[in-house]
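Take a look at the structure below.
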Amino acid sequence: MNNEEFKKPYNPIEHEDAIYKKWEESGFFNPDVCIEKGITNKNADYFSIVLPPPNATGTLHIGHTFETTIQDSITRYQRMSGKKTLWVPGTDHAATATHAKVEKMIQKEEGKNRHDLGKEEFVKRVEKFVEESRGTIQKQLRKIGSSLDWSREAFTLDEKRNLVIKTIFKRMYDDGLIYRAYKVVNWDPKGQTTISDDEVEHEERKAIMYTFKYSPDFPIAISTTRPETKVGDTAVAVHPDDERYKKYIGQTFEIEDFAGEKLSIKIIADESVDPEFGTGALGVTPAHSQIDWEIAQRHNLPLKQVINEYARMFVESSLLKDKKTTEARDVVAQWLREKKLMEKEEEISQNISIADRSKGIVEPLPKLQWFINVSKEFIYPFDTLPYIKKGEKVTLKKLMLSVVESKSINITPDRFEKVYINWIENLRDWCISRQIWYGHRIPVWYKGEKIYCGAEEPKEDGWTQDEDTLDTWFSSGTWTFSTLGWPEKTEDLKNYHPTTLMCPGYELIFFWVARMILMTTYAVGQIPFKNVYFHGIVRDTKGRKFSKSLDNGIDPIDVINQYGTDALRMALTVGIGPGNDSKFDFAKVKAYKNFANKIWNASRFVLEQISDIFEVSKMPFDISRLNEEDKKIVGEFKNVIIDITNDMENYRFYLAAEKIYHYFWHTFADIIIEDCKNRIKENQEADSAKQLLYYLLKEQLKLLHPFMPFITEKIWSLLPDSKGLLMIEKWPKY
RNA sequence: GGACGAUUAGCUCAGCUGGUUAGAGCGUGCGAUUCACAUUCGCAAGGCCACUGGUUCAAAUCCAGUAUCGUCCACCA
C-alpha cells in the first residue's frame, strides 16, 4: 500500500464534501448523462422519485435527513441496478407557514405587522427570506449525500408551477368542480385566514355546559358551552318524535331582551337532533356552527352573524359589543344567572378546534370563499386509467377512492390503505382560498357582476383580480407532474410519470398524498406514483416530537460533523420499519461511526494482504482459482446478496442495511479475514485466500454503497484496479 | 364514538411468507491484545416474546378476547 490516506483512522469530514463534488461534477445524478455515456442501457426500465419538497421556511431537521436517506438509498440502489434513475429535487413555498414565520420575524425585529409594510413590500420580504432558506436547504441536501438531479430542480411557486395551477384551476372551474360560495368555514382569527378541515386540530379541554332558557316565557331550555353565540340564534331544533316538544313545533317566539339583543326563535323539527343529549333541544346558530348552518339550510332559517373576524362580538347590545368571545361568554352567563334563567352549569370536557399553524382557536364564520366540490359528477376525459373509462361519470371522491381500492397504488405499510379510504369516505368540499398574501393568486377576475376565470389576465380594462391566494396543498398536489413539465407533453413526463415511488411521512397522508391523487387523476389521467412508502416520525430519546417549545432539536449538520454522514444515515436506516416512529439516539450513531472505521481498517488490511497479486497481474478475480472451501464461502455470500436484493426490492431497507452490516463485521471481518490472515501468513492456499478477500471486499462495497455512500466511494477510489465511480458500478449479481 | 399501532434482554428496538438452542446496538461482568482496527477481539450473565384461550405436527409469528400505553379520525350542541 502506498496510500498515506489509509494510515489514519477514517475521518469523514476530510472526505465527504470532496466526494459529493465528484459525484455532482460527473453528471451521473442526471439519468440522461448516464444513458449518453453508456452507463445505463437505452432500453432499461425507468425509476423515478420526486423529493417531498421541504418547506422553504428554514433549515432541514433530523426528520428530513431520515426521509432523504431512505430515498437516496433506494435511488442509489436502482441506479446501480441499471435503471434509468431520476430523483427530482425541489422546495415548497408553504404559503401559510412561511407567511406566518416572516410576519413573526418582522414583528420581532421591527415591531411592524404586514399591514404596516403593505402587500407588495411584505411579499418581497417573504420572497427574499425564501430564497435564503432554499439555498440552505440545497446545501444540506448535498451534505446528506443526496443523489438528486439538480438540473431538474423545482419550486412550488415558480412560473412553471404557476402555469400548472392556473391551468388546472381553470379546467376545474369550467367543469363546475371549483365554485365560489357563501357558507360557514373554519376561520383562524390569529392567522386571519380561512383554513381547510384538515388544518383544524382538536384538543380536549374543560368547559362549562350551561343549560338555560332564552326568556322566562320561553317553553324550552337549551344547553351550550358557548352562550355568547346564542345572541345569534334564530331557531330551536327538536327531534320530530319528541313528545315533550312536539306541540311547539312551527311556533315562533319573539324575545325582546336576551343579553341586550332581540331574538326571534322558531321551533323546528330536525332528525339530526339527539333527544337524549342535554335537554333534547338544540339552539340553532346558523352563522357560527357548521351543523347549525346545515340545519338552517334545510329549514330556510335566517342567519345572524354576531362574531367578527377578530373573534369579537359583532352586535348592538351594549353588554357585549366588541367584547372578545371569551369575555362575552362570562357576561351572558352572568346575565342568565341574574335573570334567573340559568338552570344548570356543569363542567364537561370537550374537543376544541385549533388552527394547526397559528394555534389560534378556530371560529366558524360565514364567508364567501372558493371550494373544490369533491362529490359533483363530471365526465372523465381520459382513457388511461384501467378502472375508469373515458366518458364515464365520476366524482373527484370516486377517483381518489378507486385508485386505492383497485390497488393501482401499492401502499407500504398497507394499514394506511384503510386510513385513507376512511378519510375519503368522510370527505367534504375543500376550501381552497386563503386570505394571506404569499402564494398562488386565484386566477379569477371580477368586473361588476361578471366573473372571468383563466390562465391569462383579461385583455380589456376594468377587471380586478381576486385578492385571495390558494391553499398551499393545491399546488403541492401537482408536484409529481408539475416537476416533470406538464402541461407540455415532455419526454420526462412520458418517461418518468407515474413516478415509481413517493416517500412521505404518514402525517401527510391526507394533506398531500390524497391531494396528489386527486390532482393527478383529474389533470393528467394517471396515478401520481405506483408505490408510497410512509415513514414515521423521528422523536427524541424520550419519545417526544422535536419542537421549538421543547428546545430538543438536533441539527443534522452537528451530528454529521461529529460522526459523519454515513454513520448518521445508518443510524436512521437500520431497524426503523415503514410507518414506525423512532427515537434518535447518539449511541446508535456512534456505533455506526465505529462501523465506518471498521470498514476503513478492514479494507486497508485486505489491500495490504493482496498487494502482491497486482504486481504479478493475477487479477482480475477468477472464481475458478478458489479452493473448495472458499467457493463455499462465495456461495454463502451470494445468498446474502439475494437476501439483501430482495429486501431492497420490497422496501425493507431497514433489514437490508442491517444484514450487510452484520455480514461485513461479524462474518467477513471477524471470521473470514482472520482465517485468511493465517493462511496467507503460513502460505497455505494463500492465492485463493487473497482472491476471496478482494472479491468479497469489492462486492460488499457495492452492497454498502446505497447506505454509506461516502466511505464506500472513498475506498473504491483507493482500490488498485478501480476505474470510475462506485455510484455507477453494477449492483452485485447472484 | 370509530379505526389503527405498540407491548420481545437493564435501555432502544429487529424478527419479512409460522419451522432447529429468540437476535442487534448500547449497557453490565470476566478475559485477551507488539500480529488491520482500544472506534478492537473472545467469552459470559440477562428473556413464562403483556395476559387468556384457540388453530397447527409446530406459534414471538396466525385467529379471538382482555389489559396497559400511544396515534389518527369524528359537526354531539
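In this text the structure is predicted, and so the values were computed from the model without any measurement.
- Across all strands shown, B/rG53 forms a Watson-Crick or G-U wobble pair with B/rC63, both key distances being under 3.5 Å.
- Counting distance only, with no hydrogens placed and no angle test, the side-chain atoms of A/K598 and the base atoms of B/rC37 include a donor-acceptor pair under 3.5 Å.
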Listing time: all N or O pairs from protein to nucleotides 75-77 of chain B that are below 3.5 Å?
residue: B/rA77; atom: N6; partner: A/D274; partner atom: O; Å: 2.7
residue: B/rA77; atom: N6; partner: A/F277; partner atom: O; Å: 3.3
residue: B/rA77; atom: N1; partner: A/D274; partner atom: N; Å: 3.4

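- Put simply, A/K677 has a side-chain N or O that comes within less than 4.0 Å of OP1 or OP2 on B/rA36.
- Residue-level contact check: A/A669 touches the bases, meaning some heavy atom is under 4.0 Å from a base atom.
- One P atom belongs to B/rG31, the other to B/rA9, and the distance between them is 29 Å to the nearest Å.
- Counting only N and O atoms by type, the side chains of A/D198 and A/W473 include no donor and acceptor under 3.5 Å apart.
- Each of A/F707, A/F595, A/Y654, A/F668 was scored for a ring-ring contact (aromatic ring centres under 6.0 Å, His included) with A/Y661, with one residue passing: A/F595.
- Between B/rA14 and B/rC49, the two C1' atoms lie 13 Å apart (nearest whole Å).
- Distance from the side chain of A/R604 is smallest to B/rC37 among B/rC41, B/rC37, B/rG25.
- Residues A/E199 and A/S196 bring a donor and an acceptor atom of their side chains to less than 3.5 Å of each other.
- A sub-4.0 Å separation between OP1 or OP2 of B/rC37 and a side-chain N or O of A/N594 is absent.
- A donor and an acceptor atom sit less than 3.5 Å apart, one in the side chain of A/E674 and one in the base of B/rA36.
- Using atom P as the reference point in both B/rA6 and B/rA64, the two lie 14 Å apart (nearest Å).
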Original post:
In B/S/- notation, 5' to 3', how is nucleotides 11-21 of chain B contacted by protein heavy atoms closer than 4.0 Å?
Top reply: -SSSSB-----
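- Nearest to the side-chain atoms of A/A591 among the listed nucleotides B/rC41, B/rG25, B/rC73 stands B/rG25.
- Within the structure, every side-chain polar atom (N or O) of A/W600 is placed at least 4.0 Å from both OP1 and OP2 of B/rU39.
- Comparing atom distances between the A/D670 side chain and each of B/rG25, B/rA36, B/rG42 picks out B/rG42 as nearest.
- Nucleotide B/rG25 has B/rC11 as its partner under the Watson-Crick or G-U criteria, with both atom distances under 3.5 Å.
- The structure places CG of A/D643 at 12.0 Å from CZ of A/F637, a figure rounded to the nearest 0.5 Å.
- Across the C1' atoms, B/rC76 and B/rG2 are found 14 Å apart, a figure rounded to whole Å.
- Taking atom C1' on both nucleotides, B/rU34 is separated from B/rU40 by 14 Å, rounded to a whole Å.
- Under the Watson-Crick and G-U wobble criteria, each requiring two contacts below 3.5 Å, nucleotide B/rG5 is paired to B/rC69.
- Between B/rG70 and B/rU12, the distance separating the two P atoms is 15 Å to the nearest Å.
- Here B/rC30 sits opposite B/rG42 as a Watson-Crick or G-U wobble pair (both hydrogen-bonding atom distances under 3.5 Å).
- One finds no side-chain N or O of A/K418 lying less than 4.0 angstrom from the OP1 or OP2 phosphate oxygen of B/rA3.
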Which atoms of nucleotides 43-45 of chain B (N or O only) lie under 3.5 Å from a protein N or O atom, and what are those distances?
none

